[in-house]
A.B. asks: 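Questions regarding the structure given below will be posed in turn.
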Amino acid sequence: MKQFLTKLEIGEQTVMVSGLYHNSKLVRPQGLFFALSGASYIAEAVDNGATVVITEVGVEVPQSVTHIVVDDVRESMALVSKQFYGNVVDQMRVTGIVGTNGKTTTAYLVRHILEMATGKNVGLIGTTGIYGAGQQWNGVTTLTTPDPIELHQALSAMYHNGVRDVVMEVSAHAIYYRKVAGISYAGVIFTNITQDHLDFFQTFEHYKNTKILFFRELKTGTVVINADDKYGLAVADAVRNKPMVKAISYSLRQDTIVGTAQWAFVDQVKLTVTGSDFNLSKVGACHLALPGLYNVYNAVAAALLCNDYGVKWPLVQEALSTVSAVPGRFNTYNIKGVTAIIDYAHTPDGLEKLLTNAKALLPAKAHLTVVFGCGGDRDRSKRPLMGKIAAQIADHVVLTSDNPRNEEPDAIIDEIERGIVTMDVAHMTANLDGTVNQHVRFVDRVQAINYAIEHAAVGDIVVIAGKGHENYIDIKGQKIPYMDRKVLDNILRG
């Protein structure tokens with residue numbers, strides 16, 4: 001088979017390679033291998049045909065192999081990947097979404113507005129997958145922000161299918177690992193920073209500073225900042241005095257961030273289970289076809305950035321009123337008079353906002369039940385926090401599994417329970433089955449959901465949190481097919 005080679009300029013060296021790899025097992029003849037783990041896998045990569053190896057330290061390689069030493073191999077991987085795939089991202093308008101919660105919904109909103117404004121497909125890269133040219137791209141991993149090789153492969157595919165706008169979620173891991181180095185942004189939205197991923201970052205301070213680092217390194221573009229988040233000012237400070245960066249802030253509390261070029265206020269917010277109405281300063285009345293106060297925040301951020309891109313306000317307003325539900329984000333189902341809500345919320349702040357918004361929609365004398373768990377092999381410190389939040393806000397709590405991975409599900413539930421038993425639960429005098437227990441637990445998620453729906457009355461709301469759009473449960477390294485939505489479908493077919 002004919003081998004196609006690409007010429008790359010890396011530092012002062014010119015090399016010809018057939019492909020890029022960071023997994024030594026996948027290397028093909030005349031490939032370039034990024035040694036992310038030092039010298040550990042270089043021999044295997046060379047045996048499989050690598051003719052170029054990039055490392056951060058000097059290592060011995062065969063004379064036939066070109067060895068390039070760089071300061072940061074991960075950043076090099078991003079920059080080389082961009083070059084290998086033709087630097088097409090430079091010809092695209094890229095929008096980044098940075099924050100702990102709200103990234104996916106905000107990305108969908110920006111995409112919807114831009115597609116209505118341009119009449120063309122807009123690429124989407126994020127937690128729910130990668131979409132370009134009107135279809136899902138299946139050639140890459142499912143990380144929120146893919147590794148650079150896969151990322152630029154997807155961007156190239158989009159570009160060659162006519163896509164010129166792309167919206168991407170930028171995760172803290174992506175910032176830390178330099179995955180998006182070399183990408184220029186036309187605009188960036190900052191949603192919020194709350195606790196997440198402490199299993200990796202160890203401390204909240206490290207996690208927060210990683211997010212802020214993205215803005216410190218930003219050189220151009222418009223930044224839309226949530227002024228109501230406690231770290232909005234830090235983001236504004238990070239981009240202050242940068243002549244090529246424009247800052248816009250917005251608030252539902254009439255707060256402003258001094259020094260931002262523009263700001264917008266939101267008031268007269270009215271929430272229902274099917275959508276939200278609000279007034280946006282200088283624009284007027286807006287209707288959002290998504291429920292929840294946090295979605296008002298997401299929508300205003302998307303609207304302000306798209307307007308800055310040149311989209312007229314009447315079209316922005318029309319787009320907000322016609323946006324479809326985002327997969328796994330406050331998706332509502334009516335089951336014999338009981339409202340079930342499926343949502344991806346899996347952090348303390350996310351769960352708190354979800355339950356607070358759901359409770360605000362409850363009819364008089366109706367009750368709120370939450371079904372949730374916490375993922376295994378992840379931040380353990382959030383488990384009791386989420387247990388406490390659930391018991392404080394919901395009337396009934398049903399604990400269950402959520403991707404236990406290599407941990408025992410019962411042990412995870414035990415840790416969530418600690419947050420329930422250490423708080424004042426006097427207001428919870430009776431459980432779903434009439435006993436005096438404050439909560440129930442089912443390791444089996446299907447049983448948990450069935451129990452919650454069966455014991456709910458007409459008018460009640462049952463929130464099913466944590467998995468959202470996911471179509472599997474991760475148990476002992478196996479991803480077993482599963483969806484919360486399918487459980488509800490089976491109940492409906494009943």
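Positions are given from 1, in the same order as the sequence printed here.
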A.B. asks: Does K103 reach the main-chain N or O of G99 with its side chain, forming a donor-acceptor pair under 3.5 Å?
C.D. replies: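 It does hold such a pair.
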
A.B. asks: Any salt bridge (charged side-chain N to carboxylate O under 4.0 Å, His left out) involving residues 356-378? Give me the pairs, sequence neighbours left out, ordered by first then second residue.
C.D. replies: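 Of all non-adjacent pairs touching residues 356-378, those that pass salt bridge (charged side-chain N to carboxylate O under 4.0 Å, His left out) are K359-D395.
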
A.B. asks: Does some side-chain heavy atom of P409 sit less than 4.5 Å from a side-chain heavy atom of D444?
C.D. replies: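 In short, these two side chains do not touch, never coming nearer than 4.5 Å.
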
A.B. asks: Taking only residues at least two apart or on different chains, which pairs with a member in residues 321-367 satisfy ring pair (Phe, Tyr, Trp, His ring centres under 6.0 Å)?
C.D. replies: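 Sorted pair list: Y344-H346, Y344-H469, H367-H396.
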
A.B. asks: If every non-hydrogen atom of G187 is compared with every non-hydrogen atom of L305, which pair is closest and at what distance?
C.D. replies: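 Here G187 and L305 meet closest at CA-CD1, 3.9 Å.
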
A.B. asks: Within the side chain of D474, is there an N or O that forms a donor-acceptor pair under 3.5 Å with the backbone of R405?
C.D. replies: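 Not confirmed, D474 side chain does not pair with R405 backbone.
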
A.B. asks: Under the rule for salt bridge (charged side-chain N to carboxylate O under 4.0 Å, His left out), what residues qualify as partners of R445, not counting sequence neighbours?
C.D. replies: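 By the salt bridge (charged side-chain N to carboxylate O under 4.0 Å, His left out) rule, R445 matches D484.
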
A.B. asks: If we ignore hydrogens and angles and just use 3.5 Å, is the side chain of R93 paired with the main-chain N or O of A186 as donor and acceptor?
C.D. replies: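 Flag not set: sc R93 to bb A186 has no pair under 3.5 Å.
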
A.B. asks: Can you say whether the rings of Y185 and F214 are parallel (under 30°), tilted (30 to 60°) or perpendicular (over 60°)?
C.D. replies: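 Plane angle over 60°, so perpendicular.
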
A.B. asks: For E318, which residues count as a salt bridge (charged side-chain N to carboxylate O under 4.0 Å, His left out) partner, sequence neighbours excluded?
C.D. replies: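 Salt bridge (charged side-chain N to carboxylate O under 4.0 Å, His left out) check on E318 returns nothing, list empty.
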
A.B. asks: Determine which pairs satisfy salt bridge (charged side-chain N to carboxylate O under 4.0 Å, His left out) with at least one residue from residues 463-473, sequence neighbours left out, and list them in order.
C.D. replies: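 As it turns out, the salt bridge (charged side-chain N to carboxylate O under 4.0 Å, His left out) pairs with a partner in residues 463-473, which skip direct neighbours, are K467-E470.
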
A.B. asks: Quick test of your reading: applying ring pair (Phe, Tyr, Trp, His ring centres under 6.0 Å), list the pairs with at least one residue in residues 267-310, sequence neighbours left out, ordered by first then second residue.
C.D. replies: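 Qualifying pairs: none.
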
A.B. asks: Return the orientation label for the H173 and F200 ring planes: parallel under 30°, perpendicular over 60°, tilted otherwise.
C.D. replies: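 Aromatic pair H173/F200 classed tilted.
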
A.B. asks: Who passes salt bridge (charged side-chain N to carboxylate O under 4.0 Å, His left out) against K25, sequence neighbours left out?
C.D. replies: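 E44.
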
A.B. asks: Minimum heavy-atom separation for V163 and V122, please, with both atom names.
C.D. replies: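 Shortest heavy-atom separation between V163 and V122 comes out as CG1-C, 4.4 Å.
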
A.B. asks: Using the test side-chain hydrogen bond (donor to acceptor under 3.5 Å, both in side chains), find all partners of K246 that sit at least two apart in sequence or belong to another chain.
C.D. replies: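 Per chain and number, K246 pairs via side-chain hydrogen bond (donor to acceptor under 3.5 Å, both in side chains) with D308.
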
A.B. asks: Excluding sequence neighbours, so at least two apart, what forms side-chain hydrogen bond (donor to acceptor under 3.5 Å, both in side chains) with D379?
C.D. replies: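 Only Q195, S381 meet the side-chain hydrogen bond (donor to acceptor under 3.5 Å, both in side chains) criterion with D379.
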
A.B. asks: Suppose the criterion is salt bridge (charged side-chain N to carboxylate O under 4.0 Å, His left out): which pairs have a residue in residues 335-356, not counting sequence neighbours?
C.D. replies: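 Residue pairs with at least one partner in residues 335-356: D349-K353.
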
A.B. asks: Just checking Y176: does its OH atom have more than 12 heavy atoms from other residues, nucleotides or ligands closer to it than 6.0 angstrom?
C.D. replies: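 Counting other residues, nucleotides and ligands, OH of Y176 stays at 12 neighbours or fewer.
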
A.B. asks: Do K179 side-chain atoms and T145 backbone N/O form a donor-acceptor pair below 3.5 Å?
C.D. replies: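 Pair found, side chain donor or acceptor close to backbone of T145.
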
A.B. asks: Which heavy atom of L280 sits nearest a heavy atom of A264, and at what distance?
C.D. replies: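 Closest pair (atom of L280, atom of A264, distance): CD1-CB, 3.9 Å.
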
A.B. asks: Side chains of R329 and Y108: does their closest heavy-atom pair fall under 4.5 Å?
C.D. replies: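 Side chain of R329 against side chain of Y108, heavy atoms only: no contact under 4.5 Å found.
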
A.B. asks: Check this for me, if you would: do E407 and K476 make a salt bridge, where the nitrogen-to-carboxylate-oxygen distance has to be below 4.0 angstrom?
C.D. replies: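 Salt bridge: no.
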
A.B. asks: Can you find a heavy atom in the side chain of F442 that is under 4.5 Å from one in the side chain of I449?
C.D. replies: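 The answer is no, as the side chains (C-beta and beyond) never meet within the 4.5 Å cut-off.
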
A.B. asks: Sorted by first residue and then second, give each salt bridge (charged side-chain N to carboxylate O under 4.0 Å, His left out) pair with at least one member in residues 284-303; sequence neighbours left out.
C.D. replies: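 Sorted result for residues 284-303: empty, none.
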
A.B. asks: Do you know the tightest heavy-atom contact between I212 and A234?
C.D. replies: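 Nearest heavy atoms, I212 then A234: CD1-CB, 4.0 Å.
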
A.B. asks: Should W313 and K282 count as side-chain neighbours, where that means a heavy-atom distance under 4.5 Å?
C.D. replies: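 No; the side chains remain at least 4.5 Å from each other.
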
A.B. asks: Applying salt bridge (charged side-chain N to carboxylate O under 4.0 Å, His left out), can you list everything that pairs with D410, at least two apart in sequence or on another chain?
C.D. replies: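 Applying salt bridge (charged side-chain N to carboxylate O under 4.0 Å, His left out) to D410 gives R441.
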
A.B. asks: State whether R493 and D489 are salt-bridged, where the test is any N-O pair (Lys NZ or Arg NE/NH1/NH2 against Asp/Glu carboxylate O) under 4.0 Å.
C.D. replies: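 Not counted as a salt bridge, because no side-chain N and carboxylate O are separated by less than 4.0 Å.
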
